Amino acid sequence: LAKTTQPISMDSYEGQEVNITCSHNNIATNDYITWYQQFPSQGPRFIIQGYKTKVTNEVASLFIPADRKSSTLSLPRVSLSDTAVYYCLVGGYNTDKLIFGTGTRLQVFP
Amino acid sequence: SQTIHQWPATLVQPVGSPLSLECTVEGTSNPNLYWYRQAAGRGLQLLFYSVGIGQISSEVPQNLSASRPQDRQFILSSKKLLLSDSGFYLCAWRDSWSGVTEKLFFGSGTQLSVL
């Protein structure tokens, strides 16, 4: 199982770009990298998923270098509503046991 | 479309009392099912997961158990609750088919307070 390491917390201001990096040194060939967002008293929700290079959707971008041992979630122009905990999860279709890391608590200030 | 139902939303139980939390999934077949627990201000702890009816893998808890009596039903139980069982319990599912990448879908959670 690929263990993930993220910063415990990050602070930002509204309108800034936020980059959260996740380290997963022992990622397997079949593993994908998925990021989730969790608000207090809610279940995490899917943000973005990727295998390599760059993936972009309407809310975020995901950058994965060639060696895939890390990934960076990029949130453009954050707002107060982006204050949440962000988790990266590594696993593939053959990964039944899905273990989350500690997550990164992002605080956005006005 | 697929939906996941988890209940109750909140629960207050005395120490030593039993527990039963239920989770059901609609709109999919043979999903992988998961129970996670989140202590206040902490991360997600995997408690149990199941890849099929009657198949339960236990990760951590000693006084909690899980069962999967039907394909899309997952139950978390305890015979005697401890204070340390307080937390936010989340049920989740994902497709188990080969070729579908893992993406977890979570329920709305149960906030359990053991007093």
Side-chain angles (χ1 to χ4, degrees), chain A residues 1-9 20 22 24 27-52 55 57 60 62 64 68 71 83-107, chain B residues 2-11 21 23 25 30-52 55-60 68 87-113:
Chain A
L1 293 174
K3 181 180 178 181
T4 59
T5 304
Q6 302 174 233
I8 295 296
S9 64
I20 305 174
C22 180
H24 29 79
I27 187 169
T29 302
N30 293 329
D31 286 343
Y32 278 69
I33 301 149
T34 311
W35 284 81
Y36 295 84
Q37 176 191 54
Q38 186 183 26
F39 297 113
S41 301
Q42 295 184 25
R45 66 176 188 176
F46 170 87
I47 300 176
I48 197 167
Q49 183 180 75
Y51 183 81
K52 61 181 179 181
V55 179
N57 62 22
L62 178 59
I64 305 168
R68 304 199 329 121
S71 58
T83 294
V85 179
Y86 294 82
Y87 296 93
C88 75
L89 181 65
V90 173
Y93 65 85
N94 57 350
T95 306
D96 295 323
K97 181 177 175 179
L98 296 174
I99 295 179
F100 286 83
T102 56
T104 298
R105 189 173 301 273
L106 172 65
Q107 180 68 54
Chain B
Q2 302 94 344
T3 56
I4 178 169
H5 303 280
Q6 188 180 344
W7 67 93
T10 59
L11 193 59
L21 302 180
C23 172
V25 181
N30 195 33
N32 282 10
L33 296 172
Y34 300 83
W35 279 111
Y36 290 89
R37 178 171 63 194
Q38 191 168 36
R42 306 295 295 274
L44 296 159
Q45 179 189 26
L46 177 62
L47 301 177
F48 301 95
Y49 65 97
S50 171
V51 300
Q55 301 179 59
I56 308 294
S57 295
S58 175
E59 286 303 299
V60 176
R68 183 171 177 174
F88 189 49
Y89 287 79
L90 287 159
C91 180
W93 74 273
R94 57 158 281 201
D95 285 316
S96 60
W97 319 325
S98 175
V100 177
T101 58
E102 58 86 12
K103 183 188 293 185
L104 280 172
F105 298 92
F106 285 83
S108 53
T110 295
Q111 184 64 53
L112 172 65
S113 298

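Numbers restart at 1 for each chain; the letters A, B, ... are given by sequence-line order, proteins then strands. Only a predicted model underlies this, so the values are computations on that prediction, with no experimental measurement involved. Note that these values count all heavy atoms, side chains included, but never hydrogens, waters or copies made by symmetry.
- Heavy-atom distances place the side chain of B/L90, and not its backbone, under 4.5 Å from chain A.
- For A/R105, the part lying near chain B is the side chain, with the backbone staying farther off; criterion is any non-hydrogen pair under 4.5 Å.
- Contacts between B/S108 and chain A at a heavy-atom distance below 4.5 Å involve the backbone alone (N, CA, C, O).
- Proximity to chain B is absent for every atom of A/Y51, based on heavy atoms less than 4.5 angstrom apart.
- Between the CZ atom of B/F88 and the CD atom of B/Q45 there is a distance of 15.0 Å, given to the nearest 0.5 Å.
- If you run side chain to side chain contact (heavy atoms under 4.5 Å, CB included) between B/W35 and each of B/L21, B/I56, B/L46, only B/L21 comes through.
- With sequence neighbours left out, B/W93 forms a ring-ring contact (aromatic ring centres under 6.0 Å, His included) with B/F105.
- Here the CZ-OG1 distance, from A/F46 to A/T34, works out to 6.0 Å after rounding to the nearest 0.5 Å.
- Proximity to chain A is absent for every atom of B/Q6, based on heavy atoms less than 4.5 angstrom apart.
- Legend: salt bridge (Lys or Arg N to Asp or Glu O under 4.0 Å) pairs involving residues 32-44 of chain A, not counting sequence neighbours: none detected.
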